[in-house]
**Student:** 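Mind looking over this structure? Questions follow.
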Number of protein chains: 2
Amino acid sequence: MAFNKRTKIKFLLDSNKIGDSVTVMGWVRTKRSNKSVSFIALNDGSVIDNLQLVAAPDVVGEDTLKKISTGACIKASGDLVASQGAGQATELMVTSLEVLGEADPEKYPLQPKRHSLEFLREIAHLRMRTNTFGAVFRVRHALAFAVHQYFNNKGFFYIHTPIITASDAEGAGETFKVTTLDLKNPPLTEEGHINFKEDFFERETNLTVSGQLEGELAAMALSEIYTFGPTFRAENSNTTRHLAEFWMIEPEMAFFDAEDNQDLAEDFLKSIISYAMEHCKEDLEFLDKRAEEENNKKPTNERSELGLLERLKFVVEHDFERLTYTEAIEILRNSKPNKKKKFNYLIEDWGADLQSEHERFLVEKHFKKPVILTDYPKDIKAFYMKQNEDGKTVAAMDILFPGIGEIVGGSQREESLQKLTSRMEEMDISPEELHWYLDTRRFGSTPHAGFGLGFERMVQFVTGMGNIRDVIAFPRTPGNAEF
Amino acid sequence: MAFNKRTKIKFLLDSNKIGDSVTVMGWVRTKRSNKSVSFIALNDGSVIDNLQLVAAPDVVGEDTLKKISTGACIKASGDLVASQGAGQATELMVTSLEVLGEADPEKYPLQPKRHSLEFLREIAHLRMRTNTFGAVFRVRHALAFAVHQYFNNKGFFYIHTPIITASDAEGAGETFKVTTLDLKNPPLTEEGHINFKEDFFERETNLTVSGQLEGELAAMALSEIYTFGPTFRAENSNTTRHLAEFWMIEPEMAFFDAEDNQDLAEDFLKSIISYAMEHCKEDLEFLDKRAEEENNKKPTNERSELGLLERLKFVVEHDFERLTYTEAIEILRNSKPNKKKKFNYLIEDWGADLQSEHERFLVEKHFKKPVILTDYPKDIKAFYMKQNEDGKTVAAMDILFPGIGEIVGGSQREESLQKLTSRMEEMDISPEELHWYLDTRRFGSTPHAGFGLGFERMVQFVTGMGNIRDVIAFPRTPGNAEF
């Protein structure tokens, strides 16, 4: 006999079938008892709302009742009735109840009170059982599904680019080494170097920082592809915006120029946010209230003007502001915080790299909407970006979001073999090592473009969670690889 | 002006709009010219079929024509007309044509002839431009999307479990070490061991072999979840069935017992295969022909009785055979190849681990359909599987497919803290190290179950590709981490 004859609470609450006899299973959130009746709030993770169970003493005896505490797992059958209390439309009149697993109140760390996010991070293996993290991970799921659905509907193909790679040619940052060598006694060459010929892959390998280069290979065969996989940075950044292991979405499109790329990115971002708004109503309403409470605790000058849901709606309904780096520098140079020397990094000359404070000024103060910044100086961007005719800039784009800063980085790619090779030589990147990448320009090259979205930054934006460690199940950061 | 004003060839061929004026872009597969006309077969990766371009000499002059060779990228505009030749319904009468990127026939490795899979593996960065690999990667995409859609429709949540992990408690195999230490001069402790306190995560870390344990944590909060991510084995296996880096799908369900688990796995496998059959008709027809040709090259006794499409249809339309390990041992012990000593490993006693030859006998010769084998001896299975009442077996299941062998492995999980802990102690697995995992049994435990599907094995099954290196874009195997 199969065990799983239950109805999910989400389905019960959505369909609201008064009079039906059902079985539910889930975890107890709270219990209130008096002599004549017990009320048990049950959650099964399918939805943020609890189902209220109403149990009379003759159905659930004292011995059983004792075992029902916050965190316990139970199975209950009964009839759905219209609720007489406030706060819910439906409740379950229990006709039978079984405790599947207890949760000793002396030991169970999640009690019905507000726990700090810091505390919950330490028990990340249990935090998904809270309202906040349940909501965050349901929204994360919806966003991930929306990504796949969006690209599938447009005829893009999902490509799994390699995680272990021998190429660090992009130079995008510090990498993690991957090895099976004995760290204590690594084999050495005659010259005294590590002999990677004896390593698993017979060469030095590391964890990927981006699937873009391999994504370009696929786009030059299948036209339009995307990746959605983990990427890694071994940077010692202990901030609320950085993870050592995070998920990236990297679409890459043959026959797209810089403008096509911007159009796609804007449509894509709006589409997945809309999907979450439509499919995660209850969770986002809860997170909206949570964000409002957090906001009210902040000093007045740091508060957001818009609530979470308002911010999502605002992004979906307005065109992103598009301007060049050169135009942005002019705005920043003449801005109040620059003139009053409020920026930590004052903007003086064209060519300066923009800091987070500048990006936030543009998005949050000046334009008050998402911004697509284009045509950056070539010296602060990667080698593969298309060189503009001015000889100074490249066809890059960064998309800046309120509260998050850079959420997307992309560019049209340089399709000319000759221009790309000479740029690589200027930047001391070996064309020989990247011979396979250059083959895309050698054989059947074409204008093409792509971008990368840091998935966790998007989940942060949609859920309003301030710390990136709170939007991935088991965050990896310097000194932290628990669970 | 945006560049991408083209129509995808898939859309043109599907909609068949004779009379429309369109622009297409893609890569040349073949060109045939005579004095009065040129025929160019153009492929843009959106579909396996080419669009035939028909160009008169006054539209495409000799200079341009010279640049059009296999692999070149072109942009062509013209009118769709009903084709006068055989082999296609529609063709494009070209009114203008531009070569976007040439492909020097002296250097371009992909010429219009049959290349061996071994040769194509060496140029994996270009092989997606061939019919076979275009088809394989479109099918791979469809299967991946089908996975997400299946679970999303059922209310499962997608969880990203960690790639870098400090736990190797499952002991599922050799792992890759992940480190930022200087391999030549690693810091040592006073006792002379590597001082992992100075490593990035301040402990020893490796690449995950499975997301299951973390998946269980999520299932005990959200009820039904699945993972879909890369997993790693540092095993020196140079076979057609093993990769060092491969993608796994691992659903995990609270409130499921062994039978629920089997029902879900069978329904899931049938559903994603059906999806591919429905959405990849042209690609699967091509791969079916390819598989038939390969099959005919084999010695008679090694040939499959069913063609690729027949095999897919057969799996979708028939119930999987379910039997226990004990029943399977009886069948094998009394089988012809066992009695005639044709098996490399003869089946004598209950308790023997089944080899690939035994699995294939059961699936391909005895039952001639997929088999779900259940209730294996506990000594050959992992510590977390539910202990059956006989004291000898566990509630495991392996699903065996024709030509592939084991494609799914799963089990009901042991929900009793006491039984699980004593099994761990018997197997020398530290309950302290896995305290977080045991918390799921300590607090609100419940019957639950799950399974893992090796995604590449599924892609092999659906595409009929014999070597697993040919169903992932850039395979990682011993000595090979190219691209």
Side-chain angles (χ1 to χ4, degrees), chain A residues 2-4 25 27 44-46 71-73 100-101 103 108 125 128-129 141 144-145 148 152 157-160 162-164 166 176-180 183-184 186 194 200-202 205 217-218 221-223 230 234 245 247 255-257 259-260 436 443-447 473-474 476 479 481 483, chain B residues 2-4 25 27 44-46 71-73 100-101 103 108 125 128-129 141 144-145 148 152 157-160 162-164 166 176-180 183-184 186 194 200-202 205 217-218 221-223 230 234 245 247 255-257 259-260 436 443-447 473-474 476 479 481 483:
Chain A
F3 180 77
N4 190 38
M25 304 192 218
W27 294 271
D44 67 3
S46 64
C73 190
L100 300 171
Y108 187 55
H125 64 303
M128 282 180 272
R129 300 182 184 194
H141 162 78
F145 186 72
H148 287 295
N152 183 69
F157 301 106
Y158 180 29
I159 295 286
H160 292 109
I163 312 301
I164 300 173
F176 290 101
K177 295 165 200 156
V178 175
T179 184
T180 55
L183 298 187
K184 239 175 112 177
I194 303 282
F200 188 90
F201 296 107
E202 297 171 20
T205 51
L217 300 177
L222 304 170
S223 284
E245 173 180 312
W247 287 68
F255 315 121
F256 270 51
D257 67 9
E259 187 182 336
D260 297 315
W436 49 273
F443 305 120
S445 189
T446 176
F474 305 102
R476 268 68 183 114
F483 315 113
Chain B
F3 180 77
N4 191 36
M25 303 192 219
W27 293 272
D44 67 3
S46 63
C73 191
L100 299 171
Y108 187 55
H125 64 302
M128 282 181 271
R129 299 183 184 192
H141 161 78
F145 185 70
H148 287 295
N152 182 69
F157 301 106
Y158 180 28
I159 296 286
H160 292 109
I163 312 301
I164 299 172
F176 289 102
K177 295 165 200 156
V178 175
T179 183
T180 55
L183 299 186
K184 239 175 111 178
I194 303 281
F200 188 90
F201 296 107
E202 297 172 20
T205 51
L217 301 176
L222 304 170
S223 282
E245 173 180 312
W247 288 67
F255 315 122
F256 270 49
D257 67 9
E259 186 182 336
D260 298 315
W436 49 272
F443 305 121
S445 190
T446 176
F474 305 101
R476 267 72 183 111
F483 313 115

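Per chain, numbering begins at 1; letters A, B, ... match sequence-line order. Hydrogens, waters and symmetry mates play no part in the numbers below; they use all other heavy atoms, side chains included.
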**Student:** For the residue pair Phe176(B) and Phe200(A), categorise the inter-ring angle as parallel (less than 30°), tilted (30 to 60°) or perpendicular (more than 60°).
**Tutor:** perpendicular

**Student:** Return the option, out of Ile164(B), Asp44(B), Ile159(B), with the maximum number of heavy-atom pairs under 4.5 Å with chain A.
**Tutor:**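 That would be Ile164(B).
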
**Student:** How about Leu183(B) and Lys177(A): do any of their side-chain heavy atoms sit closer than 4.5 Å?
**Tutor:** yes

**Student:** Would you indicate whether the side-chain heavy atoms of Glu259(A) and Phe3(B) approach each other to under 4.5 Å?
**Tutor:**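 No, too far: nothing below the 4.5 Å cut-off.
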
**Student:** Say you draw a straight line from OG of Ser223(B) to CH2 of Trp27(A); how long is it, rounded to the nearest 0.5 Å?
**Tutor:**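 So the OG of Ser223(B) and the CH2 of Trp27(A) are separated by 4.5 Å.
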
**Student:** Return the option, out of Gly45(A), Gly444(A), Cys73(A), Ala72(A), with the maximum number of heavy-atom pairs under 4.5 Å with chain B.
**Tutor:** Gly444(A)

**Student:** Do you know which of Val178(A), Thr179(A), Thr180(A) has the most heavy-atom pairs with chain B at a distance under 4.5 angstrom?
**Tutor:** Thr179(A)

**Student:** With only heavy atoms counted, which part of Thr205(B) is less than 4.5 Å from chain A, the side chain, the backbone, both or neither?
**Tutor:**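 Thr205(B) touches chain A through side-chain heavy atoms alone.
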
**Student:** I'd like to know which of Pro447(A), Ala473(A), Ala144(A) tops the heavy-atom pair count under 4.5 Å against chain B.
**Tutor:** Pro447(A)

**Student:** Can you see which heavy atom on Phe483(A) is nearest to which on Pro162(B), and at what distance?
**Tutor:** O-CG, 3.9 Å

**Student:** If you look at every heavy atom in Phe255(A) and Asn4(B), which pair is closest and at what distance?
**Tutor:**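 That closest heavy-atom pairing would be O-CB, 3.1 Å.
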
**Student:** Side chains of Ile163(A) and Trp247(B), heavy atoms from C-beta outward: is any pair under 4.5 Å?
**Tutor:** yes

**Student:** Please report the shortest heavy-atom distance between Leu217(A) and His125(B), naming the atom on each side.
**Tutor:** CD1-CB, 3.5 Å

**Student:** Please rank Gly479(B), Ser46(B), Ala481(B), Ala218(B) by heavy-atom pairs under 4.5 Å with chain A and give me the top one.
**Tutor:**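 Most heavy-atom pairs under 4.5 Å with chain A: Gly479(B).
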
**Student:** Chain A heavy atoms under 4.5 Å from Pro186(B): which part of the residue, side chain, backbone, both or neither?
**Tutor:** side chain

**Student:** Using the ring centroid of each side chain, check whether Tyr158(B) and Phe145(A) are separated by less than 6.0 Å.
**Tutor:**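 No, the ring centres sit 6.0 Å or more apart.
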
**Student:** Give a yes-or-no answer on whether the side chains of Asn152(B) and His141(A) include a donor-acceptor pair shorter than 3.5 Å.
**Tutor:** yes

**Student:** Taking the side chain as every heavy atom from C-beta outward, state whether Pro230(B) and His160(A) have any pair of such atoms under 4.5 Å apart.
**Tutor:**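 The answer is no, as the side chains (C-beta and beyond) never meet within the 4.5 Å cut-off.
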
**Student:** Please classify the contact between Trp436(B) and chain A as side chain, backbone, both or neither, with a heavy-atom cut-off of under 4.5 Å.
**Tutor:**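 Contact with chain A is through both the backbone and side chain of Trp436(B).
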
